[in-house]
Amino acid sequence: MKSIASAPGKIILFGEHFVVHGTKAILAAIDKRVTVTSTFTENKTIKVNSQLGTIEVPISSSHEEVKSEFRPFVYLAEFFSDQNHSGLEITIDSDIPIGVGLGSSSACCVSAAASIFGLFDGFRHKLGILDEVGAILDLAIDAERTIFPDTSGADCTVCTHGGVIEYPIKFSEMGNLQSDIRISFDLNLLIANSMIPHSTKRSVEKVSKFKENNEERFSQLCDLETKLIDEVNLALKNKDLTTLGLKMSENQKYLEEIQVSNDTLRDMISSLKEISLGVKITGAGDGGCIIALVSDENMDKVPALLGNDKECFSAKIRDLNGLVRERLEK
Ligand code: PMV
């Protein structure tokens, strides 16, 4: 039997870092995905194949014994070890760039959790799990915590639900997601990669230090971010791109103040200012990507402004699927 699941990468439109400290954030799925295929094998091993290499360890292994990039997958296999007496092979195919804040690790955790979950159908009945997607999301966040203990959970949540969401998510009494933000117009964003890999864990630790040393200002910034997100929600409702762009640039000021920017990112942001309604870092910063609200007719000016050493692409932010699952008997 084969269990296949895929999940999208993501961008954080507003609220990165502050979300770790309890404020709201707005995130969107992007049109780049990870697909994970899981199968049982005859060998008593957990085998993981990915772009980062292959590992094969005995099924009794603990996730703590393997290199960090493989830890979430071994954690997930470990989670089901009571149900599983054969081996497991997990294959990851991804078109999301790694380590630049586009949700590669969260999309891997979500699709791997769903793919492995799909192999153990009886498990759901045994534990009486009604909200299967919720259980997969919780499992994915726990898997991600093996490499990044302080994650807010926002990334895995948007990779699971897709579209554009406000985080933390809320559900109606009937169990319907209430936090999806319907975008009823074409919202195209430019994503530009600084090509500097970053460590989310290190950036988040740095911000926690900033908070420790500047408690009052950090609390003001959290309040400003909350207000900004309310204004963004209104701007999205009113299809008001000018305000949306202004709010992106305002959010960037807060990110500069908590010191997750650097000269390369600042240069990229200032190069795009003239042709954008707004530009900001997306994700942890200190490298990774920026996003810009650039009109279609200005898109062809971007490569010359950014230089050839940067990767950039346009992302349509609308109605993108989250987690997709499939189970094949053979
Ligand atoms: O890993 P990134 O670059 O997508 O950043 C994650 C976003 C943070 O807000 C910095 C951390 C978090 O867990 O929300």
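Numbering of ligands and ligand atoms starts at 1, following listing order. Everything numeric in this text was worked out from a predicted model, so none of it was measured.
Within the 4.0 Å heavy-atom cutoff, Phe18 does not count among the residues contacting ligand 1.
Ring geometry for Phe18 against Tyr254 counts as perpendicular: the plane angle is over 60°, on a 0 to 90° scale with 30° as the lower cut.
Protein heavy atom at the shortest distance from atom 4 (O) of ligand 1 is Lys10 NZ, 2.5 Å. Closest to atom 7 (C) of ligand 1 among all protein heavy atoms lies Ile12 CD1, 3.4 Å. The protein non-hydrogen atom at the shortest distance from atom 1 (O) of ligand 1 is Thr200 OG1, 2.5 Å.
Using a 3.5 Å distance cut-off with no hydrogens or angles, the side chains of Glu89 and Ser38 do not pair a donor with an acceptor. Asn262 and Asp286 form no side-chain donor-acceptor contact under 3.5 Å, judged by distance and modelled atom types alone. In the model, Ser86 has no side-chain atom that pairs as donor or acceptor with a side-chain atom of Glu42 under 3.5 Å. Counted by atom type alone, Thr35 and Ser6 present zero donor-acceptor pairs between their side chains at under 3.5 Å. Glu225 and Thr23 are not linked by any side-chain donor-acceptor pair at a separation below 3.5 angstrom, with hydrogens and angles left out of the test.
Remark: ligand 1 and Ala284 share an N or O pair separated by less than 3.5 Å (distance only, no angle test). Looking at ligand 1, you'll find an N or O of His17 within less than 3.5 Å of one of its N or O atoms. Polar contact with ligand 1: present for Asp155 (N/O pair, distance under 3.5 Å).
Applying the 4.0 Å criterion to heavy atoms of Val19 picks out, from ligand 1, the atoms 9 (O), 14 (O).
In Thr282, neither the side chain nor the backbone holds a heavy atom less than 4.0 Å from any atom of ligand 1.
Of the candidates Gly15, Gly99, Ser152, the one placing a heavy atom closest to atom 12 (C) of ligand 1 is Ser152.
The salt bridge (charged side-chain N to carboxylate O under 4.0 Å, His left out) with Glu16 is formed by just one residue from the set Lys10, Lys280, Lys24; it is Lys280.
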